[in-house]
Amino acid sequence: MAPSDFIRTVVAQHVTEGRYQRIHTRFPPEPNGYLHIGHAKSICLNFGIAREFGGICNLRMDDTNPTKEDVEYVDSITEDVKWLIGGWADDRLGMKSKGKTPETQSVNGVADFHLAPAISNPKSEILEPFYASDYFAQLYEYALRLVKKGLAYVCDLSPEDTDKYRGAPDRPGQESPWRNRGLEENLDLFIRMKNGEFPDGSRTLRAKIDMASPNIWMRDPVLYRIRHAEHHHTGGTWCIYPMYDFAHCLSDYIEGITHSICTLEFEVHRPLYDWILENLDLPRPLPHQYEFARLSLGYTVMSKRKLMQLVNEGLVSGWDDPRMPTISGLRRRGVTPPALRDFAYNIGITKYNALTDVAVLEHAIRDDLNRRALRRLAVLRPIKVVLTNFPEGKTEELDAVNNPEDANAGTRKIPFSGVLYIEQDDFMENPSPKYFRLRPGGEVRLKYAYIIRCDEVVKDSSGKIVELRCTADLDSKSGGPTAGRKVKGTIHWVSADHAIDAEVRLYDRLFTVPEPDASGDFKQYLNPHSLEIVTAKCEPRVKDAKPELRYQFERLGYFCLDKDAQLSTDKTRLIFNRTITLKDTWAKEAHKSYE
RNA sequence: UGCCCGAUGGUGUAACGGUAGCACAGCAGACUCUGGAUCUGUUUGUCAUGGUUCAAAUCCAUGUCGGGCAGCCA
């Protein structure tokens, strides 16, 4: 069922009214960092609306600040968006033919600019995202138009003075001494700004609105600043760059966007968004801005600045470190697009600044992986078990189900022998009565195999357990005469002689507190145990693991092959990431007894 | 202290003047050759005070609390 929220309600109403020919949204990241799960919320919203109302969602680089942006980011953003919407809203993705810029048409003698998405282009044509920087020429024309209408002026105030003149939220601003320059002078100066005659910071183009407005953003906001800087997309073509407020509304207009959805902090910018569009006398229907609350998620940080800090200071291995809340990090961790979309659906869209419980994300991930993961047997922290009554050297092949949630996944054979590994956690010398795994003198079922009894605990000189000597009920094999015997616990195991080694990276939450950035330095809350690496003993079939598939190591959690496995020179090297553990009610029970 | 926005169980989110529902989490139980999954049951809520109305989570007023806004960032 499609979600319902206040934005979709408005869109649905507009569809009913026939207000627009087609619903058109956009996802407009600035290419100055990697996308994170908060962006995923926005992507699911914008593409979800396009999908539900038969519309299009443009991917647009909001690239008006050359000093902060880079192609590395436009590439990663494009990849992440395509990955997230893959198989779900691919046909709603608005891109354009490579190199294409707005088409100019004359409406009542006035130039209008429009760039439609290349929806039905032949496949041979190379598509790329939209770029706000593709509209710099048109934006410049629009600015000229504002100057000619007496609604914008060139201001010579220094950055510091501009600041002073702006006033404060509770104190009106003061008009710039350059505010009332003549039309011709403004025009001449602005053109010369564009031509590169003035140094950075010496002048700006400002909208002439109201320095006494209670809304700071209406106090003659800067529209253009001088920046003699190379731009990642337009190169050295420009030395003046439009500000967000000027570029964004007009980019929306140029692309024919109907619903421009952004986060709450832009709410106070909406009057300016409307002011610019309304004062340009544009012929086509104007886009409107709607705001929703950005995502904040427990036990992580979401700001690009902080994520960048983690990367730059080497606190994580990169933007795609599996502990990062970035889309690339989640992908590498093994999270799938449907899980992320399901999460986005579940958290909803409101204007309330909420802190979302990570449990909601974790539930979405488990729910998805439970259905798709192939089950395998692997032991993370092995302890040796010798079956004293099992014929030495004998190997049996046992049948195991690949996925109990999916009958089509079939079965496989697992080798069984008299020397095994089981999980250290699955044996306790002096457990509580509620523990129903292996204990001295106790019985446990080996999954798909026999019921065994622990007869002897062998320790080394330091007292460390090195081996468990057990006897198997040889009639209790799955399908055998006493297979129906009820034993409280069932544990996983691997035949020692047949086991293969794999490096397994066990990830945990990156921070130790729900709100790492609530106060002080967020880095002090970094979880020192967010990554632990072990060498696991795995059933032989694990060597056939494929990077696109997901696995459940039974009773442990969900795992996937890490990209490092493919990059390694030794092709047989196996490296798994733990995406998430299984729900562990025993851990909760065990924890209770400590309290 | 100017302007804008918000407030529904523990956490999120529905209900748009007419029985406060859902998800997650929690708790209890059933089932289980994964202490997983599944199933059943269950605890807990409309920020406050007034007003309008036959009827208010919903409309109005005031207050309280929380968030945002003073880049030539987006």
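Reminder, nothing fancy here: chain letters follow the sequence lines and each chain counts from 1. Fair warning: this is a prediction, and the values are worked out from it, not measured in the lab.
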Novice: Which nucleotide wins on minimum distance to the side chain of Gln552(A), given the candidates C72(B), C73(B), U34(B)?
Specialist: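 Nucleotide nearest to Gln552(A)'s side chain: U34(B).
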Novice: Strictly under 3.5 Å: I want the nitrogen or oxygen pairs between protein and nucleotides 62-68 of chain B, one per line.
Specialist:
residue: G67(B); atom: O2'; partner: Asn353(A); partner atom: ND2; Å: 2.9

Novice: Between G66(B) and C27(B), how many Å separate the two C1' atoms, rounded to a whole number?
Specialist: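 Roughly 31 Å separates the two C1' atoms.
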Novice: Looking at the side chain of Lys351(A), which of C73(B), A37(B), C5(B) is the nearest nucleotide?
Specialist: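 Nearest to the side chain of Lys351(A) among the choices is C5(B).
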Novice: State which residues pass salt bridge (Lys or Arg N to Asp or Glu O under 4.0 Å) with Asp156(A); sequence neighbours excluded, sorted by chain then number.
Specialist: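 Asp156(A) satisfies salt bridge (Lys or Arg N to Asp or Glu O under 4.0 Å) with Arg181(A), Arg203(A) once adjacent residues are dropped.
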Novice: With the threshold set at under 4.0 Å for non-hydrogen atoms, list the residues of residues 355-374 of chain A touching RNA chain B in residue-number order.
Specialist: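 Leu355(A), Asp357(A), Ala359(A), Val360(A), His363(A), Asn370(A) - these, ordered by number, are the residues of the stretch whose heavy atoms sit under 4.0 Å from the strand.
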Novice: Pick the nucleotide of RNA chain B nearest each of Ile226(A) and Ala483(A); which residue has the one closer to the 5' end?
Specialist: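 That would be Ala483(A).
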Novice: Output yes when at least one side-chain N/O atom of Arg375(A) is less than 4.0 Å from OP1 or OP2 of A37(B), else no.
Specialist: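 For Arg375(A), the contact criterion (side-chain N or O under 4.0 Å from OP1 or OP2 of A37(B)) is not met.
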Novice: Please list, pair by pair, any protein nitrogen or oxygen found under 3.5 Å from a nitrogen or oxygen in nucleotides 14-16 of chain B.
Specialist:
none

Novice: Which residues pass the side chain to side chain contact (heavy atoms under 4.5 Å, CB included) test with Asn403(A), sequence neighbours left out?
Specialist: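 Asn403(A): side chain to side chain contact (heavy atoms under 4.5 Å, CB included) contacts with Arg375(A), Glu405(A), Asp406(A), Ala409(A).
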Novice: Between Tyr224(A) and Tyr140(A) (judged by ring centroids, cut-off 6.0 Å), do the two rings come close enough to count as a pair?
Specialist: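 No, the ring of Tyr224(A) stays outside the 6.0 Å limit from the ring of Tyr140(A), centre to centre.
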Novice: OP1 or OP2 of A70(B) less than 4.0 angstrom from a side-chain nitrogen or oxygen of Arg171(A), does that happen here?
Specialist: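 No, no such contact exists.
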Novice: What nitrogen or oxygen pairs link the protein and nucleotides 46-48 of chain B at under 3.5 Å?
Specialist:
none

Novice: Return the nearest nucleotide to the side chain of Arg166(A); candidates are C73(B), G71(B), G36(B).
Specialist: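 Of all the options, the side chain of Arg166(A) is nearest to G71(B).
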Novice: Which residues in residues 190-210 of chain A have a heavy atom closer than 4.0 Å to any atom of RNA chain B?
Specialist: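 Going residue by residue through residues 190-210 of chain A, the ones with a heavy atom under 4.0 Å of RNA chain B turn out to be Gly201(A), Thr204(A).
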Novice: With the stacking rule set at 5.5 Å and 30°, tell me whether Tyr352(A) counts as stacking on G6(B).
Specialist: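 One would not call Tyr352(A) stacked on the G6(B) base.
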Novice: Treating a pair as Watson-Crick (purine N1 to pyrimidine N3 plus N6-O4 or O6-N4) or G-U wobble (N1-O2 and O6-N3) with both distances under 3.5 Å, list the stems of 3 or more consecutive pairs that involve RNA chain B.
Specialist: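 So far as stems of 3 or more pairs are concerned, RNA chain B shows B:2-7 with B:64-69, B:10-13 with B:21-24, B:26-30 with B:38-42, B:47-51 with B:59-63.
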Novice: Mind checking what makes side chain to side chain contact (heavy atoms under 4.5 Å, CB included) contact with Asn65(A), not counting sequence neighbours?
Specialist: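 Testing Asn65(A) for side chain to side chain contact (heavy atoms under 4.5 Å, CB included), a comparison that skips the adjacent residues, returns Glu30(A), Thr67(A), Lys68(A), Glu69(A), Arg225(A), Arg227(A).
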Novice: List in chain and number order the residues that pass side chain to side chain contact (heavy atoms under 4.5 Å, CB included) with Leu474(A), two or more places apart in sequence or in another chain; answer none if no residue qualifies.
Specialist: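 Once residues adjacent in sequence are excluded, the partners of Leu474(A) under the side chain to side chain contact (heavy atoms under 4.5 Å, CB included) criterion are Asn389(A), Phe390(A), Tyr450(A), Ala472(A).
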Novice: Please state whether the phosphate of C73(B), meaning OP1 or OP2, lies under 4.0 angstrom from any side-chain nitrogen or oxygen of Lys304(A).
Specialist: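 Negative; the distance criterion is not met.
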Novice: Please list, chain by chain and in numerical order, all residues satisfying side chain to side chain contact (heavy atoms under 4.5 Å, CB included) with Pro177(A), sequence neighbours excluded.
Specialist: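 Result, side chain to side chain contact (heavy atoms under 4.5 Å, CB included) vs Pro177(A): Leu157(A), Tyr165(A).
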Novice: Side-chain N or O of Thr64(A) less than 4.0 angstrom from OP1 or OP2 on C73(B)?
Specialist: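 No, no such contact exists.
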Novice: Do Lys413(A) and Glu397(A) meet the salt-bridge criterion of a basic N to acidic O distance under 4.0 Å?
Specialist: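 Salt bridge flag = no for Lys413(A) with Glu397(A).
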Novice: Please measure how far the C1' atom in A57(B) lies from the corresponding atom in G18(B), and state the result in whole Å.
Specialist: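 It comes out at 13 Å once rounded to the nearest Å.
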Novice: Please pick, from G35(B), G71(B), G36(B), the nucleotide with the shortest atom-to-atom distance to any side-chain atom of Met243(A).
Specialist: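 The listed nucleotide nearest to Met243(A)'s side chain is G71(B).
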Novice: So if I take every side-chain heavy atom of Ala354(A) and compare against G2(B), G12(B), C72(B), which nucleotide ends up nearest?
Specialist: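 Nucleotide nearest to Ala354(A)'s side chain: G12(B).
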Novice: What nucleotide, of G36(B), A74(B), G12(B), holds the atom closest to the side chain of Lys583(A)?
Specialist: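 Nearest nucleotide to the side chain: G36(B).
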Novice: Would you tabulate the side-chain donor-acceptor contacts of residues 38-45 of chain A under 3.5 Å, counting partners in other chains and residues two or more places apart, or write 'none'?
Specialist:
residue: His39(A); atom: ND1; partner: His36(A); partner atom: N; Å: 2.9
residue: Lys41(A); atom: NZ; partner: Ala293(A); partner atom: O; Å: 2.7
residue: Ser42(A); atom: OG; partner: Asn46(A); partner atom: ND2; Å: 3.3

